[in-house]
Amino acid sequence: MASCSMTLITITTLFILSSSLPILSAATQRTPRPFNKIYAFGDSFTDTGNTGSASGPSGFGHVSNSPYGITFFHHPTNRYSDGRLVIDFVAEALSLPFLPPYLKTKGNASNSGMNFAVAGSTAINHEFFVKNNLSLDITPQSIQTQLAWFNEYLQSQGQQQQGGDSFDDTLFWVGEIGVNDYAYTLGSNVSGDTIRKLAIYSFTNFLEALLKKGAKYMVVEGLPATGCLTLAMTLAPEDDRDNLGCVKSSNIQSYTHNIALQAELTRLRKQYPHAIIVYADYYNAYRTVVENAGKYGFKERFKACCGTGDPPYNFRVFATCGTPSATSCRNPSEYINWDGVHLTEGMYKLTADLFLNGRFSQPTFSSLLERKKTSQF
C-alpha cells in the first residue's frame with residue numbers, strides 16, 4: 001500500500017507539471033481600454049513562462065518541448081497548452097499585450113502588468129509538505145511566494161507596500177490554485193478536510209494582503225471540475241463516476257473547496273467594500289462544456305490530444321506530452337484536454353468567454369467594468 005501511495009503522489013504531481021472575445025473586444029475598440037495593467041497569480045493553468053526560468057520548477061522540462069505552443073505561437077512558450085491560456089484571452093479582450101512572466105523579466109518594468117503564476121504552486125506553504133514528507137522538491141513555490149515576488153516587484157518600481165491609488169487602473173486576476181495541494185497528499189494520512197482548511201486559510205490571507213495594498217478590481221477563479229481531467233479519468237476506478245462520466249470523488253472535492261472559498265469571498269466583500277471581487281466559477285463552466293461538448297465544437301471530452309497510450313484516453317503517466325514517444329492530434333480545437341492535466345487553447349478561450357461575457361462570474365465581469373467606468377467620473 002505504501003508503494004501504491006508513493007506512486008499516486010508521483011503521478012499526481014504531473015498535474016503541476018487570433019481573435020479577441022466577441023463582446024468585450026467590440027467595446028474596447030470604441031472606448032479607451034478599462035485597465036492599464038493586469039497582475040496575475042496562480043499555477044500552471046495561468047503560468048505564461050515562469051516555469052521556463054532558471055528559478056522555476058525543475059521537473060517540467062517537457063513543457064519546453066514541441067508540440068506545446070503549436071496552435072498559436074508555433075513554438076513552445078512554457079505555457080501548458082497548445083496555445084493561449086485564459087489569462088492571455090483576458091489580456092486580449094482588454095486590449096492589453098500578453099503578460100510577461102516575472103521570473104524572466106529580472107525585475108524590469110512592464111507597462112501592461114506582470115504574471116507571477118508558476119506551475120506547481122500550492123495554496124499551502126511548501127514547508128507543510130516537507131514536514132509531512134509529501135514534497136518531491138519539484139516546486140517549492142506557493143501563493144505566498146508569489147506575493148513575495150509581487151512585493152519585490154513593487155519595490156523595484158519605487159512603489160511602497162501600500163498601493164493606494166496606484167491600483168485604480170489595475171485588474172488583479174487570481175487563477176485557480178489548490179489542485180496541487182490535494183494532489184500532493186493523495187495516498188497520505190493527511191485528509192482532504194485538512195488540506196481544504198489550510199489551503200483556504202492561506203489563500204484568503206493572500207487575497208486580503210492584495211486588498212490591503214489597495215486592490216480594487218479582482219477576479220478570483222475557483223477550482224475546475226478536476227474529475228473531468230484525463231489524469232483523473234485514468235487513475236480512478238470505473239465505478240467512481242458522476243452523471244457526466246467524470247470522476248465523482250474528485251469533483252466533490254473541488255466543489256466542496258469552492259463552497260468554502262466563496263464563503264470567504266463573501267466575507268472579504270463586506271470587509272473591503274471599496275473593492276469589486278468577482279468569483280469566476282471554473283467548476284460549473286467546465287461541467288457545462290463537458291455536458292454540452294458538441295454544442296461548443298468539441299468531439300473529445302476526456303481523451304488527451306497530446307500524449308501516449310491506448311484508447312480511450314491517450315494518456316500514459318510516464319510518457320506524457322513533450323516526451324519523445326508522445327504524439328499530438330491534428331485538431332486540438334476538437335479536444336477539451338490537451339496533455340491530460342491541462343486544457344487546449346480552444347477550451348481556455350471558451351472558458352475565458354464564459355467568465356467575461358457569460359453567466360459564470362459572480363458578480364458579472366460586465367458589472368465590474370461598469371463600476372470601473374462610473375468610478376472615473
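Excluded from the calculations below are hydrogen atoms, water molecules and symmetry mates; all remaining heavy atoms, backbone and side chain alike, are included. Just so we're clear, the structure is a prediction, and the values are computed from it rather than from any experiment.
Between Pro224 and Tyr286 the shortest heavy-atom distance is CB-CD1, 3.9 Å. The two residues Gly322 and Asn65 make their nearest non-hydrogen contact at O-ND2, 3.0 Å. For the residue pair Ser361 and Val278, the shortest heavy atom distance occurs at CB-CG1, 3.6 Å. Taking both residues in full, the closest heavy atoms of Tyr102 and Met114 are given as CA-SD, 3.6 Å, listed atom of the first, atom of the second, then distance. The minimum heavy-atom distance between Phe365 and Phe355, with the atom names listed, is CB-O, 3.8 Å. Heavy-atom minimum distance, Thr230 versus Ala304: OG1-N, 3.8 Å.
In this structure, the separation between CD1 on Ile177 and CG on Leu223 is 9.5 Å, given to the nearest 0.5 Å. The NE2 atom of His274 lies 6.0 Å from the CG atom of Leu211; values are rounded to the nearest 0.5 Å. Between the OG1 atom of Thr105 and the CG atom of Leu99 there is a distance of 11.5 Å, given to the nearest 0.5 Å. In this structure, the separation between CG on Asn132 and CD on Glu127 is 12.0 Å, given to the nearest 0.5 Å. Atom CG of Leu261 sits about 11.0 Å away from atom CD of Glu176, to the nearest 0.5 Å. Atoms OH and CG, from Tyr279 and Leu265 in turn, are 8.0 Å apart once rounded to the nearest 0.5 Å.
Judged by distance alone, with hydrogens and angles left aside, the side-chain atoms of Thr288 form a donor-acceptor pair with the main-chain N or O of Asn284 at under 3.5 Å. Side chain of Asn337 to main chain of Leu343: no donor-acceptor pair is present (N/O by atom type, distance under 3.5 Å, no hydrogens or angles). Side-chain atoms of Thr344 come within 3.5 Å of backbone atoms of Tyr335 as a donor-acceptor pair (strictly under, hydrogens ignored). With hydrogens and angles disregarded, no donor-acceptor distance shorter than 3.5 Å links the side chain of Ser250 to the backbone of Val247. Counting only distance, with no hydrogens or angles, the side chain of Ser44 and the backbone of Tyr80 share no donor-acceptor pair below 3.5 Å. Of the possible polar contacts, one joining the Asn251 side chain to the Gly227 backbone as a donor-acceptor pair under 3.5 Å is found. Side-chain atoms of Asp47 come within 3.5 Å of backbone N or O of Ala119 as a donor-acceptor pair. Checked by atom type and distance alone, the side chain of Arg33 never pairs as donor or acceptor with a backbone atom of Ala93 at under 3.5 Å. At distances below 3.5 Å, not a single donor-acceptor pair connects side-chain atoms of Ser367 with backbone N or O atoms of Pro363. Within the 3.5 Å criterion, the main-chain N or O of Ser202 finds a donor-acceptor partner in the side chain of Gln144.
Contact of the Thr122 side chain with the His126 side chain is not registered, since no non-hydrogen atoms from C-beta on lie closer than 4.5 Å. Counting heavy atoms from C-beta outward, Phe41 and Ile143 have side chains that approach closer than 4.5 Å. For the pair Lys37/Leu171, no side-chain contact is recorded, criterion being any heavy-atom separation below 4.5 Å from C-beta on.
Side chains of Ser188 and Thr185: no donor on one and acceptor on the other come within 3.5 Å. Side-chain contact annotation: Asp240 with Ser249, donor-acceptor N/O pair under 3.5 Å present. In this model, no donor atom of one side chain and acceptor atom of the other lie less than 3.5 Å apart for Tyr348 and His342. There is no side-chain donor-acceptor pair under 3.5 Å between Tyr282 and Asn258. A side-chain donor from one of Asn151 and Lys213 sits under 3.5 Å from a side-chain acceptor of the other. Side-chain polar atoms of Glu208 and Tyr272 form a donor-acceptor pair below 3.5 angstrom. Asn125 and Ser142 share a side-chain donor-acceptor pair at under 3.5 Å. Residues Ser81 and Arg79 bring no donor and acceptor atom of their side chains to less than 3.5 Å of each other. Thr48 and Asn115 form a side-chain donor-acceptor contact under 3.5 Å, judged by distance and modelled atom types alone. Side-chain atoms of Gln141 and Trp149 include no donor-acceptor pair closer than 3.5 Å. When only modelled atom types and interatomic distance are considered, Ser254 and Thr226 share a side-chain donor-acceptor pair under 3.5 Å.
The pair Glu370-Lys373 fails the salt-bridge criterion, with no side-chain N (NZ, NE, NH1 or NH2) lying under 4.0 Å from an Asp/Glu carboxylate O. Salt-bridge annotation for Lys372 and Asp168: absent, with no side-chain N of the basic residue lying under 4.0 Å from a carboxylate O of the acidic one.
Under the 30°/60° scheme for interplanar angles, the aromatic rings of Tyr39 and Phe172 are found to be tilted.
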Item checked: Check against side chain to side chain contact (heavy atoms under 4.5 Å, CB included), Ser333 and Glu345 -> CA-CA 7 Å; Ser333 63; Glu345 177 183 275; over 6 Å; no

Note to self: Run the side-chain hydrogen bond (donor to acceptor under 3.5 Å, both in side chains) test on Arg287 and Asn292 for me, step by step, so that the C-alpha distance in whole Å, both residues' side-chain angles and the decisive distance to 0.1 Å come before the verdict.
What the structure shows: CA-CA 8 Å; Arg287 282 183 61 88; Asn292 303 278; over 6 Å; no

Next item on the list: For side chain to side chain contact (heavy atoms under 4.5 Å, CB included), just list the numbers for Leu229 and Val341, CA-CA rounded to whole Å, side-chain angles, deciding distance to a tenth of an Å, and then say yes or no.
Entry: CA-CA 6 Å; Leu229 294 171; Val341 288; 5.6 Å; no

Next item on the list: Walk me through it: do Tyr68 and His62 pass the test side chain to side chain contact (heavy atoms under 4.5 Å, CB included)?
Entry: CA-CA 9 Å; Tyr68 282 93; His62 63 279; 3.5 Å; yes

Next item on the list: Check step by step if side-chain hydrogen bond (donor to acceptor under 3.5 Å, both in side chains) holds for Trp173 and Glu221.
Entry: CA-CA 8 Å; Trp173 191 280; Glu221 294 180 7; 2.8 Å; yes

Next item on the list: Give the intermediate values and the outcome of side-chain hydrogen bond (donor to acceptor under 3.5 Å, both in side chains) for residues Thr51 and Asn78.
Entry: CA-CA 6 Å; Thr51 293; Asn78 293 298; over 6 Å; no

Item checked: Chi angles and distances behind the ring-ring contact (aromatic ring centres under 6.0 Å, His included) call for Tyr217, Phe35 -> CA-CA 10 Å; Tyr217 307 100; Phe35 295 103; 5.5 Å; yes

Note to self: Run the side chain to side chain contact (heavy atoms under 4.5 Å, CB included) test on Trp338 and Ser328 for me, step by step, so that the C-alpha distance in whole Å, both residues' side-chain angles and the decisive distance to 0.1 Å come before the verdict.
What the structure shows: CA-CA 9 Å; Trp338 164 244; Ser328 175; 3.7 Å; yes

Checklist line | Asp43 and Ser121: CA distance, side-chain angles, deciding distance, side-chain hydrogen bond (donor to acceptor under 3.5 Å, both in side chains) verdict | finding: CA-CA 5 Å; Asp43 61 15; Ser121 281; over 6 Å; no

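More than 12 heavy atoms of other residues, nucleotides or ligands lie within 6.0 Å of CD in Gln271, so this atom counts as buried by the packing criterion. When the shell of 6.0 Å around OH of Tyr296 is examined, it contains more than 12 heavy atoms from other residues, nucleotides or ligands. For Asn189, the CG atom sits in a loose shell: 12 or fewer heavy atoms of surrounding residues, nucleotides or ligands are nearer than 6.0 Å.
SG atoms of Cys306 and Cys329 are separated by 2.5 angstrom or more, inconsistent with a disulfide link.
Remark: aromatic rings of Phe302 and Tyr313 are distant, center separation not under 6.0 Å. The aromatic ring centroids of Tyr182 and His257 lie less than 6.0 Å from each other.
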